[in-house]
Amino acid sequence: MSTPKQIQLSHGGGGREMAELIGKLFFEAFDNQILRQEEDAASLNMTGPIAFTTDSFVVSPLFFKGGNIGKLAIAGTVNDLAMMGAEPQYLSCGFIIEEGFEIARLKEIVQTMAAELKKSGAKIVCGDTKVVPKGCADGVFINTSGVGRILKPGISVHAVRPGDAIILSRDIGCHGAAILAAREGLELESELQSDCATLWPMVEQLIAANLPLHAMRDATRGGIAAVLNEWAKAANVGIELSEEAIPVRDEVRGVCELYGFEPWDLANEGTFVIALPQEIAAEAINVMHQFCNCDQARIVGTVTEANAGKVILHSPWGSKRYLELPAGELLPRIC
């Protein structure tokens with residue numbers, strides 16, 4: 001009997017076809033001793049405080065410049081752990097696959113996930129596969145949960161303090177702009193692609209430098225506008241931003257002008273924000289430039305006692321305005 005080229009309902013039925021799919025595709029890509037035990041739950045050996053996160057990924061399109069849904073799933077979950085100062089260790093992974101989905105495309109997604117796992121050293125140790133009838137999903141959805149050992153306790157949105165510097169790791173808006181371009185079929189004369197990336201190697205260097213990190217957050221849905229508004233409200237502080245200091249690619253600005261968006265509202269998947277004492281900021285920037293491959297890292301703002309709960313954006317022309325929390329769904333299904 002020939003090997004099917006598309007996912008069939010039988011691949012989720014618990015029988016031979018499902019066993020072959022899991023054994024030949026998932027186990028080969030994610031192979032490790034814990035996963036190979038094939039138990040109903042992974043038995044883990046962990047000590048000390050841990051971070052635990054979960055996320056679901058439904059991005060459209062599934063493949064885009066700079067990544068695909070698989071890379072996004074691994075990087076997104078690992079990054080949530082990293083932002084808490086936690087070393088990513090173990091992940092779970094659940095697939096919901098639509099009947100008729102090409103197995104070759106599924107294999108490409110899975111292989112991308114395996115490659116991304118190597119960047120943090122995390123392992124997928126348990127998982128689940130469901131197949132739904134054609135028309136009940138959009139190709140494939142992925143859910144991942146992750147746990148990691150906290151190496152730097154105390155990193156918290158509530159730890160942001162007046163006098164802190166706000167540092168941005170790189171230019172903003174690339175993921176949102178790349179997804180929009182792919183979705184709308186925009187042919188841009190540029191190399192614009194998603195910033196999707198695993199951030200743990202960068203965070204590991206910051207922790208190794210023993211910097212007093214107060215807060216970190218990857219600027220995903222809602223962009224840096226969402227992150228900074230959440231910080232301002234949670235810590236009851238004001239945040240002053242310099243628009244001129246925030247790096248934005250010309251291609252991202254162009255997409256924003258076409259569709260009426262603002263770059264600080266657009267999603268990122270490999271860009272993070274840090275709050276730490278102003279007197280340490282220059283040292284942090286130096287570490288990021290030298291050891292974290294963050295050549296664009298820079299100070300973009302400061303935390304103040306005034307205007308508690310608000311983010312104020314200063315323009316290059318001397319005017320200023322509130323940078324509000326984004327409202328509505330700017331770009332649905334960007335992650």
Side-chain angles (χ1 to χ4, degrees), residues 50-59 64 66-94 109 112-124 142-153 155-157 166-176 178-179 193-208 211 213-228 230-231 266-276 284 287-288 291-294 296-297 333-335:
I50 65 170
F52 177 43
T53 187
T54 189
D55 208 343
S56 297
F57 298 86
V58 297
V59 64
F64 47 85
N68 60 47
I69 189 173
K71 181 179 182 181
L72 197 60
I74 299 302
T77 302
V78 164
N79 290 348
D80 284 347
L81 296 172
M83 294 300 103
M84 293 297 293
E87 176 189 16
Q89 292 179 294
Y90 304 114
L91 272 64
S92 71
C93 185
I109 290 169
T112 302
M113 295 172 73
E116 198 65 23
L117 282 166
K118 293 179 181 178
K119 297 175 183 179
S120 67
K123 298 179 177 64
I124 289 178
I142 301 175
N143 171 271
T144 45
S145 295
V147 293
R149 181 168 57 101
I150 294 178
L151 301 182
K152 185 79 171 178
I155 296 175
S156 169
V157 61
I166 300 296
I167 295 177
L168 187 62
S169 67
R170 56 161 290 169
D171 59 292
I172 61 170
C174 286
H175 181 70
I179 292 296
Q193 63 179 26
S194 169
D195 63 334
C196 182
T198 291
L199 297 174
W200 171 245
M202 305 171 194
V203 173
E204 188 176 26
Q205 291 296 325
L206 292 172
I207 293 174
L211 298 171
L213 304 168
H214 286 173
M216 292 192 294
R217 184 71 61 87
D218 53 334
T220 54
R221 285 173 293 182
I224 63 170
V227 169
L228 296 176
E230 289 168 4
W231 284 6
L266 289 182
N268 310 271
E269 291 293 343
T271 302
F272 65 109
V273 189
I274 305 172
L276 82 177
V287 170
M288 296 176 78
F291 304 109
C292 301
N293 295 317
C294 294
Q296 295 178 299
R333 295 183 57 188
I334 49 85
C335 64

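Residue indices begin at 1 and follow the sequence shown.
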Given I207 and W200, is the side-chain contact (heavy atoms from CB on, under 4.5 Å) satisfied, shown in steps? CA-CA 10 Å; I207 293 174; W200 171 245; 4.1 Å; yes
For D171, the side chain to side chain donor-acceptor pair (under 3.5 Å) test, sequence neighbours excluded, returns R249
Checklist entry - Judged by atom type as modelled, is there a donor-acceptor pair below 3.5 Å linking the side chain of E116 to the main-chain atoms of T198? => result yes
Hits for side chain to side chain contact (heavy atoms under 4.5 Å, CB included) against Q193, two or more places apart or cross-chain, chain-then-number order -> K65
Closest non-hydrogen contact found for K119 with P201 is O-CG, 3.4 Å
Distance col, row L206:CG vs I274:CD1, nearest 0.5 angstrom, shows 5.0 Å
For R217, the side chain to side chain donor-acceptor pair (under 3.5 Å) test, sequence neighbours excluded, returns E230
Residue set satisfying salt bridge (charged side-chain N to carboxylate O under 4.0 Å, His left out) with E87, at least two apart, ordered chain then number -> R149
Using side-chain contact (heavy atoms from CB on, under 4.5 Å), reason through C294 and M202 one step at a time and then give a plain yes or no. CA-CA 8 Å; C294 294; M202 305 171 194; 3.6 Å; yes
Hits for ring pair (Phe, Tyr, Trp, His ring centres under 6.0 Å) against F64, two or more places apart or cross-chain, chain-then-number order -> H175
Applying side chain to side chain contact (heavy atoms under 4.5 Å, CB included) to I155 and not counting sequence neighbours gives K152, L213, M216
*asked:* Tell me whether K123 at atom NZ has more than 12 heavy atoms from other residues, nucleotides or ligands lying less than 6.0 Å away.
replied: no
Salt bridge (charged side-chain N to carboxylate O under 4.0 Å, His left out) filter on R170, not counting sequence neighbours, yields none
Sequence neighbours excluded, the answer for side chain to side chain donor-acceptor pair (under 3.5 Å) partners of S92 is none
So the salt bridge (charged side-chain N to carboxylate O under 4.0 Å, His left out) pairs with at least one residue in residues 76-85 (sequence neighbours excluded) are none
By side chain to side chain contact (heavy atoms under 4.5 Å, CB included), T54 pairs with (sequence neighbours left out) N143, S145
Checking T144, T53, D55 against T77 for side chain to side chain donor-acceptor pair (under 3.5 Å), the one that qualifies is T144
Hits for side chain to side chain contact (heavy atoms under 4.5 Å, CB included) against T220, two or more places apart or cross-chain, chain-then-number order -> D218, E269
Across all chains, not counting sequence neighbours, the side chain to side chain donor-acceptor pair (under 3.5 Å) partners of S156 are none
